[in-house]
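We're numbering straight along the sequence, starting at 1.
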Amino acid sequence: MNYSLYDFLQIIDNLVWGPPLLLLLVGTGIYFTFRLGAIQFSKLPLALSYVFKKEEGVTGKGDVSSFAALCTALSATIGTGNIVGVATALKLGGPGALFWMWMAALFGMATKYAECLLAVKYREKDAQGNMLGGPMLYLEKGAGQKWLARLFAFFTIGVACFGIGTFPQVNAIVDASHIAFNIPHEITAIVLTVLVAAVTIGGIKSIAGLASKIIPTMTVVYVTACVGILVNNAGAIPSAISLIVESAFTGQAATGGFVGASIMIAIQAGVARGVFSNESGLGSAPMAAASAQTNSCVRQGLISMVGTFLDTIVICSMTGLALVLTGVWTMDIDGARMTTEAFSLGLNEGFGPMIVAIGLMFFAFTTILGWNYYGERCVVYLFGQPAVLTYKIVFVALILSGAFIKLDMIWLIADIVNGLMAVPNLIGLILLRHVVAEETKVYFESLKSMVSSSSDSKAAKA
């Protein structure tokens, strides 16, 4: 039997994203959820308050503010995964895939907390005086597993160059600009390449500054548009949610342009695309968290886990509901075209597609910048600062080429390298689970003591 390159990659993808990795990803999140007292639920209000409240008396080392670090992480997560990734998940696994995205995200918040906590705890300065941190540091310094640290860094460079960081984002931008504004793919690819090259020269401060402006604004615009679709289809929301939950446990029969999917396919598509979107357990966000100006690794862990909540529970849910409510998941279209069609039907033919196009272009652009930074940090770890220029040249060249690769091949490559990157990070989290638990315990006992002392002081004055 003759196998094409696509068939070969499909076999590898099925092996990488088989039951072992799915269990490792979700199982790690479940473990930290119970070990840390469901921290993603009990401490979410506190975490949200930290996002908008400046830390007082910061003496800890760092390159950017905690908010800017979160925006940098969000710039890498809020992107095509929220718009195109949700569409491909539903195309592969049916509406049930959205339910499994939710489950992976809810448990993934605990994973994101743990990995970002460790990133700040074990970070250090590089030769240029910039913060260097992430799984490669806590694997080496905390777990004593230098070979896993190097493996993680190698896979991260692969994801930056061939996965989330380049091809899916570029493809989404050129498709969106062509669909909405009829701009030729070649023109968009050239302009995008020039812009990426210009911004990445400025490093983390330039990327964080841009992300801090773009991400909050575009998130509000995109979510508002999604709410408009939900309002216009308010009567159908209960049945849509029922279909999502039912399909998660029964699979989905073929209908319209949808070829049908088993429960396992729904789980695989939901978890894989969920990780692509929120990156919990992948080990990417810790590299941004390590750059934060903060005194507390726990505080930054709490701030970082908000990213998964915003990315999947809020934005991906909005996209998924729009796709189910408008029925476009049953049509013979996929990727950006599916989401564009949902917005066209849910809002109107002119305004809807424009929102998707603009959202995709800005989200995908900031994702490219965020992943450029992640890849650069791993290049510094493996090869030192002199290798960064070569890496940036290669990265920019790949941006230009990403416009001409087929969508199905793009998502397969991205899935494979994502899965490979997650494995060493998840092993590191398990090895350092006691460190995470101890740091969390000490922080909240200290916080409780401070609150108690403050209350006693106020009572004495009264």
Colleague: Between the main-chain N or O of Thr28 and the side-chain N or O of Arg433, is there a donor-acceptor pair closer than 3.5 Å?
Modeller: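 No, because the side chain of Arg433 does not come within donor-acceptor range (under 3.5 Å) of the backbone of Thr28.
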Colleague: Do the side chains of Leu282 and Asn425 get nearer than 4.5 Å, heavy atoms only?
Modeller: no
Colleague: Using the test side chain to side chain donor-acceptor pair (under 3.5 Å), find all partners of Tyr443 that sit at least two apart in sequence or belong to another chain.
Modeller: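 With neighbours one apart ignored, the set is Tyr50.
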Colleague: Between Thr339 (side chain only) and Ile83 (backbone N and O only), is there a donor and an acceptor less than 3.5 Å apart?
Modeller: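 Yes: the side chain of Thr339 pairs with the backbone of Ile83.
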Colleague: Could you report the tightest heavy-atom contact between Gln40 and Leu106, atom names first, then the distance?
Modeller: NE2-O, 2.9 Å
Colleague: Check the side chains of Tyr373 and Ser291 for a donor-acceptor pair under 3.5 angstrom, ignoring hydrogens and angles.
Modeller: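 No, because no side-chain N or O of Ser291 sits under 3.5 Å from a partner of the opposite role on Tyr373.
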Colleague: Counting N and O atoms only, with roles assigned by atom type, does the side chain of Lys141 sit under 3.5 Å from a partner on the main chain of Glu124, one being a donor and the other an acceptor?
Modeller: no
Colleague: For a 4.5 angstrom cut-off between non-hydrogen side-chain atoms, does Leu426 reach Leu21?
Modeller: yes
Colleague: Minimum heavy-atom separation for Leu137 and Tyr381, please, with both atom names.
Modeller: CD2-CD1, 4.1 Å
Colleague: Flag the pair Phe365 / Val196 as yes when at least one side-chain heavy-atom distance between them is below 4.5 Å, and no otherwise.
Modeller: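 Answer yes - side chains close enough.
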Colleague: Check whether Ser49 reaches the backbone of Leu46 with its side chain - one donor and one acceptor, N or O, closer than 3.5 Å.
Modeller: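 Looks like yes, one N/O pair under 3.5 Å.
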Colleague: Is a side-chain N or O of Thr166 found less than 3.5 angstrom from the main chain of Cys161, in a donor-acceptor match?
Modeller: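 Indeed, once roles are kept as given, a pair shorter than 3.5 Å links the two residues.
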Colleague: Run Val379 and Glu376 through side-chain contact (heavy atoms from CB on, under 4.5 Å) and show every step you take.
Modeller: CA-CA 5 Å; Val379 166; Glu376 178 188 317; 5.5 Å; no
Colleague: Find out whether Ile368 and Leu192 are in side-chain contact, i.e. whether some heavy atom of one side chain is under 4.5 Å from a heavy atom of the other.
Modeller: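 The answer is yes, as the side chains (C-beta and beyond) meet within the 4.5 Å cut-off.
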Colleague: Quick check on Phe249: does its CZ atom have over 12 non-hydrogen neighbours (other residues, nucleotides or ligands) under 6.0 Å away?
Modeller: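 Yes.
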Colleague: Please step through side-chain contact (heavy atoms from CB on, under 4.5 Å) for the pair His434 and Arg35, ending with a clear verdict.
Modeller: CA-CA 9 Å; His434 301 306; Arg35 182 66 186 272; 3.5 Å; yes
Colleague: So, the side chain of Thr367 versus the backbone of Phe363: is there a donor-acceptor pair under 3.5 Å, distance only?
Modeller: yes
Colleague: Would you mind reporting whether Met103 and Val26 have side-chain heavy atoms less than 4.5 Å apart?
Modeller: no
Colleague: Can you tell me how far OG1 of Thr440 sits from CD of Glu445, rounded to the nearest 0.5 angstrom?
Modeller: 11.0 Å
Colleague: Taking atom SG of Cys316 and atom CG of Leu310, what is their separation to the nearest 0.5 Å?
Modeller: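 Atom-to-atom, Cys316:SG and Leu310:CG are 11.0 Å apart.
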Colleague: Tell me the closest heavy-atom pair linking Gly93 and Ile265, and the distance in Å.
Modeller: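 Taking Gly93 first and Ile265 second, the nearest heavy atoms are CA-CG2, 4.1 Å.
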Colleague: Taking the side chain as C-beta and beyond, is there a heavy-atom pair between Val306 and Leu302 under 4.5 Å?
Modeller: no
Colleague: Can you name the nearest heavy-atom pair linking Pro95 to Ile244, along with the distance?
Modeller: O-CG2, 3.5 Å
Colleague: Looking at CG of Leu139 and CG of Leu148, how far apart are the two atoms once the value is rounded to the nearest 0.5 Å?
Modeller: 5.5 Å
Colleague: Around Phe8, counting heavy atoms of other residues, nucleotides and ligands shown, do more than 12 lie under 6.0 Å from its CZ?
Modeller: no
Colleague: Give me the ring orientation class for Phe395 and Tyr391: parallel if the planes are under 30° apart, tilted from 30 to 60°, perpendicular past 60°.
Modeller: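 Tilted, since the angle between the ring planes falls between 30° and 60°.
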Colleague: Just to verify, what does Lys43 make a salt bridge (charged side-chain N to carboxylate O under 4.0 Å, His left out) with, not counting sequence neighbours?
Modeller: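 Lys43 satisfies salt bridge (charged side-chain N to carboxylate O under 4.0 Å, His left out) with no other residue.
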Colleague: Please step through side chain to side chain donor-acceptor pair (under 3.5 Å) for the pair Ser317 and Trp102, ending with a clear verdict.
Modeller: CA-CA 8 Å; Ser317 296; Trp102 290 339; 2.7 Å; yes
Colleague: Output the distance between atom CG (Leu429) and atom NZ (Lys112), rounded to the nearest 0.5 Å.
Modeller: 12.0 Å
Colleague: Does Asn14 use its side chain to pair, donor to acceptor, with the backbone of Gln10 at less than 3.5 Å?
Modeller: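 Answer holds: yes.
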Colleague: Go through it in stages, so that I can follow the logic: the residues are Val436 and Tyr113, the test is side-chain contact (heavy atoms from CB on, under 4.5 Å), and I'd like the CA-CA distance, side-chain angles, deciding distance and then a yes or no.
Modeller: CA-CA 9 Å; Val436 174; Tyr113 165 79; 4.2 Å; yes
Colleague: Report yes if some heavy atom in the side chain of Phe383 is under 4.5 Å from a heavy atom in the side chain of Thr390; otherwise report no.
Modeller: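 No, side chains not in contact.
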Colleague: Please check if the side chain of Arg123 supplies one atom and the backbone of Ala290 the other of a donor-acceptor pair under 3.5 Å.
Modeller: yes
Colleague: Between Phe152 and Thr156, is a side-chain contact (heavy atoms from CB on, under 4.5 Å) present by the stated rule, with each step listed?
Modeller: CA-CA 6 Å; Phe152 171 83; Thr156 301; 3.3 Å; yes
Colleague: When rounded to the nearest 0.5 angstrom, what distance separates OH in Tyr374 from CG in Leu369?
Modeller: 11.5 Å
Colleague: Indicate the atoms forming the closest heavy-atom contact of Ile173 with Ala364, along with that distance.
Modeller: CG1-CB, 3.5 Å
Colleague: Are side-chain heavy atoms of Phe444 and Ile39 found at a separation under 4.5 Å?
Modeller: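 Answer yes - side chains close enough.
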Colleague: What's the spacing between Met218 CE and Ile358 CD1 if we round to 0.5 Å?
Modeller: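 So the CE of Met218 and the CD1 of Ile358 are separated by 6.5 Å.
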Colleague: Grab the two heavy atoms, one from Met136 and one from Leu132, that are nearest each other, plus how far apart they are.
Modeller: CE-CD1, 4.0 Å
Colleague: Determine whether a donor-acceptor pair (N or O, by modelled atom type, separation under 3.5 Å) exists between the side chain of Glu115 and the backbone of Pro135.
Modeller: no
